[in-house]
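By convention in this document, chain letters (A, B, ...) are assigned in the order of the sequence lines, proteins followed by strands, and residues within each chain are numbered from 1.
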Protein chains: 2
Amino acid sequence: MVPTIQDVARYAGVSRSTVSYALSGKRTISRETRERIEAAITELGFTPHAGARALATSQTMVIGLFVQFFEDEFSPAMLQYVLPISDAAREAGYDILMVTEADGPHAVQRISSSGMVDGIILLNVAHEDPRLPVLRKMRQPASMVGLPRTPEGFDVFDLDFAESGRILVDHLAERGHREIILITPREHVFERGGAYSWRFQDAALQRAASYGIRVRSYYGETQQPAVNQQLNQILDAPDQSAMVVHNDAVIAALPSVLYSRGVRVPDDLSVAGMFSEDFGRLFSLPYTAVETSPNKLGRSAVQALVQRMTTPADANPWRVDLVAPQITDRGSTR
Amino acid sequence: MVPTIQDVARYAGVSRSTVSYALSGKRTISRETRERIEAAITELGFTPHAGARALATSQTMVIGLFVQFFEDEFSPAMLQYVLPISDAAREAGYDILMVTEADGPHAVQRISSSGMVDGIILLNVAHEDPRLPVLRKMRQPASMVGLPRTPEGFDVFDLDFAESGRILVDHLAERGHREIILITPREHVFERGGAYSWRFQDAALQRAASYGIRVRSYYGETQQPAVNQQLNQILDAPDQSAMVVHNDAVIAALPSVLYSRGVRVPDDLSVAGMFSEDFGRLFSLPYTAVETSPNKLGRSAVQALVQRMTTPADANPWRVDLVAPQITDRGSTR
DNA sequence: CTGAAAGCGCTTACAG
DNA sequence: CTGAAAGCGCTTACAG
């Protein structure tokens with residue numbers, strides 16, 4: 001039914017090995033032979049069987065992408081990582097097996113030990129991520145977005161959230177603000193070990209303290225209508241001059257809440273956030289923000305992984321890249 | 001290095017076939033033998049090699065999911081289909097190979113003919129979708145979300161957009177509106193063959209005509225700041241009483257635009273849209289809407305595909321399921 | 001209840 | 001420049 005390399009060989013009057021070498025280019029084939037083979041391939045519509053090739057070469061040319069969706073996080077943000085990763089993988093010749101299973105450790109074990117993938121990318125990595133211990137036992141290399149407590153054994157990429165916190169506090173301090181409202185991820189994200197939450201918050205609080213700036217910190221909600229209710233409650237307090245938002249759901253809802261209250265930015269309130277340019281465009285956020293660079297982080301993770309996969313005995317030390325945050329001034333502070 | 005079925009057999013003192021049958025349960029194994037095999041498996045940490053199994057059985061237990069992201073569509077909506085599909089696939093024992101390649105037909109050809117997947121799901125199918133002709137030549141069954149001009153050969157699931165258009169017009173007609181603003185997908189979506197765009201619009205216009213209701217139809221923008229600008233321009237016209245929005249980007253931006261203009265819903269303007277409950281929650285949309293049921297559609301596509309994959313000679317006719325739209329009244333009309 | 005062997009469709013040393 | 005053959009790690013008729 002579906003043609004095999006044997007059919008091609010027979011049709012072209014050569015051996016299977018010759019066809020295989022013509023395909024891979026790993027040895028020189030006479031022009032005439034090569035042309036006969038190519039003709040046979042197009043004539044028969046032959047494509048090598050991926051499974052057979054994987055068995056023979058121990059290479060699947062597939063990357064496992066492990067995504068976790070939590071109720072308390074804002075899902076659209078995740079897509080910003082997935083798409084660049086998928087694109088970068090394809091550019092390097094890999095396909096993406098996307099795994100969204102709730103039981104992360106089990107999924108890693110299952111996919112990895114069955115040899116379905118050559119390498120693994122973890123998204124949304126927690127401080128004590130239960131996927132890492134099992135991942136360490138697997139034979140495939142892995143890279144990730146998100147900084148775990150013990151990154152040894154993996155290439156790790158993340159935004160420098162501490163520095164991001166400082167940059168935003170500096171930005172407001174320079175403009176003379178003496179009080180800042182800080183809206184963080186949900187409390188549950190802290191508890192779960194989403195290290196980005198406290199890396200940002202701790203650094204921001206510390207930097208603010210060094211200026212003598214007072215910070216009122218709130219765990220932001222992530223589901224409507226709680227988001228709007230909470231924002232309104234926070235804004236009911238008098239004399240607020242500046243707000244830093246490190247919470248996707250809150251920042252996405254902010255424009256409508258501010259409009260509804262008649263709060264003008266930056267005249268009545270200075271606002272600065274943490275989001276990517278794409279995210280900002282999607283939700284029409286007119287706020288100065290630290291660019292979270294999901295594109296860059298995702299692509300870096302792919303690149304590092306491809307490097308490890310193609311150089312199995314790679315002696316290079318494991319990377320921990322904390323991308324330096326850049327602020328994009330959209331004029332929402334003063 | 002990594003244990004094979006041979007190692008397990010040796011360790012348990014049986015043959016490879018016995019181990020294989022113990023794994024599959026396709027023949028009865030004596031209790032004692034089975035226990036020895038199980039012990040060997042856990043002891044050695046054995047997992048069957050997926051590639052070898054695929055080669056022997058011609059089954060990969062992987063579904064190819066082909067996603068297309070267009071500049072002129074609103075990406076968060078896509079995730080609402082991807083996640084339920086991934087979950088449903090896993091429940092049926094399948095993993096998901098997610099393909100986002102820009103060249104859809106080529107990607108289908110590549111993945112399908114190399115035997116990487118047992119079946120295929122297409123998302124965001126166009127009226128004349130260039131992926132369908134190549135898909136028809138492939139050996140794997142396929143299902144899809146989105147109604148193509150010629151659905152023969154596939155199981156097709158989509159919302160009944162025509163009926164959705166009628167329902168929303170009826171809803172406003174019942175409330176006495178004599179003029180409706182209709183915001184559709186971008187013009188380019190119509191041109192590209194996104195049939196959902198005109199199926200909805202044509203039906204809505206026709207139904208409105210039957211009531212003698214006047215409809216002003218606009219191609220909605222999808223990128224900021226164009227979305228807000230356009231909305232403001234549309235709303236500048238006097239005497240508007242009702243608006244139907246069939247455009248994700250526009251409906252997501254609508255609350256802030258209406259707030260900023262001081263337009264109150266439904267007192268000043270009746271608003272009805274097309275979006276899922278999840279989407280509405282994500283963007284805090286307080287509008288009456290036809291539920292677009294991405295969850296249901298995605299799961300149906302998986303179910304139908306699993307049926308075809310497990311019953312290759314399935315004689316059941318191809319399905320074209322247009323899900324009956326349900327309106328969710330959130331009190332945004334009167 | 002269990003085993004020996006063929007076969008799935010490739011790749012790659014080994015030989016010439 | 002090309003071929004014959006072993007091997008990758010499974011499954012499954014065939015045999016007993």
*Asks:* Using a strict cut-off of less than 4.0 Å between a Lys/Arg side-chain nitrogen and an Asp/Glu carboxylate oxygen, indicate whether Arg299(B) and Glu91(B) qualify as a salt bridge.
*Replies:* yes
*Asks:* Specify the separation, in whole Å, of atom OH of Tyr21(B) and atom P of dG16(D).
*Replies:* 16 Å
*Asks:* Drop me the distance from Phe46(A)'s CZ to Asp7(A)'s CG, to the nearest 0.5 angstrom.
*Replies:* 8.5 Å
*Asks:* Okay, side chain of Ser30(B), backbone of Thr33(B): is any donor-acceptor separation there less than 3.5 Å?
*Replies:* yes
*Asks:* Should the pair Asp95(B)-Arg110(A) be classified as a salt bridge under the 4.0 Å nitrogen-to-oxygen rule?
*Replies:* yes
*Asks:* Pairing check on dA4(C): which nucleotide meets the Watson-Crick or G-U wobble criteria with it, both distances under 3.5 Å?
*Replies:* none
*Asks:* Take the protein atom CD1 of Ile5(A) and the nucleotide atom P of dT11(C), then report the distance between them rounded to whole Å.
*Replies:* 5 Å
*Asks:* CZ of Arg139(B) versus P of dC8(C): gap in Å, rounded?
*Replies:* 15 Å
*Asks:* What is the distance, to the nearest angstrom, from the CE atom on Met116(A) to the C1' atom on dC10(D)?
*Replies:* 15 Å
*Asks:* Atom CZ of Arg36(A) to atom P of dC1(D): distance rounded to whole Å?
*Replies:* 14 Å
*Asks:* Rounded to the nearest 0.5 Å, what's the gap from CD on Glu43(B) to CZ on Arg36(B)? Could you check?
*Replies:* 14.5 Å
*Asks:* Return the value, rounded to whole Å, for the distance between atom CG of Leu23(A) and atom C1' of dT2(D).
*Replies:* 16 Å
*Asks:* In terms of side-chain heavy atoms, does Ser17(B) have a donor or acceptor partner in Ser20(B) at a distance below 3.5 Å?
*Replies:* no
*Asks:* Would you indicate what Ser58(B) reaches in the nucleic acid, counting non-hydrogen atoms under 4.0 angstrom: base, sugar-phosphate, or nothing?
*Replies:* nothing
*Asks:* Looking only at side-chain N and O atoms, does Thr28(B) come under 4.0 Å of OP1 or OP2 in dC1(C)?
*Replies:* yes
*Asks:* If you take atom types as modelled and just measure distance, does the side chain of Ser17(B) reach the base of dA5(C) with a donor-acceptor pair under 3.5 Å?
*Replies:* no
*Asks:* At a heavy-atom distance below 4.0 Å, what parts of residues 46-54 of chain A sit against DNA chain D?
*Replies:* none
*Asks:* So Arg131(A) and Gln68(A), side-chain hydrogen bond (donor to acceptor under 3.5 Å, both in side chains) or not? Walk me through it.
*Replies:* CA-CA 11 Å; Arg131(A) 299 173 296 180; Gln68(A) 294 185 301; 3.3 Å; yes
*Asks:* Looking at the side chain of Arg27(B), which of dG3(C), dC1(C), dC10(D) is the nearest nucleotide?
*Replies:* dG3(C)
*Asks:* Nearest to the Ala56(A) side chain among dG3(C), dT2(C), dC8(D), which nucleotide is it?
*Replies:* dC8(D)
*Asks:* Could you tell me whether Arg90(A) and Asp87(A) have a side-chain N and a carboxylate O separated by less than 4.0 Å?
*Replies:* no
*Asks:* In terms of side-chain heavy atoms of Ser30(B), which of dG7(C), dC1(C), dC1(D) is nearest?
*Replies:* dC1(C)
*Asks:* Look at the side chain of Val14(A) and decide which nucleotide, out of dG3(D), dG7(D), dT12(C), has an atom nearest to it.
*Replies:* dG3(D)
*Asks:* Of the candidate nucleotides dG3(C), dC10(D), dT11(C), which contains the atom at the shortest distance from the side chain of Thr18(B)?
*Replies:* dG3(C)
*Asks:* Give the nucleotide from the list dT12(C), dA15(C), dT11(D) with an atom nearest to the side chain of Lys26(A).
*Replies:* dT12(C)
*Asks:* Grab the CD-P distance between Gln6(B) and dG3(C) for me, whole Å please.
*Replies:* 12 Å
*Asks:* Starting from C1' on dT2(D), measure out to CZ on Arg34(A) and report it in whole angstrom.
*Replies:* 14 Å
*Asks:* When we call it a touch if two heavy atoms are under 4.0 Å apart, what does Ser20(A) touch: a base, just sugar-phosphate, or nothing?
*Replies:* base
*Asks:* Using a heavy-atom cut-off of under 4.0 Å over every strand shown, decide if Ser24(B) touches base, sugar-phosphate, or nothing.
*Replies:* nothing
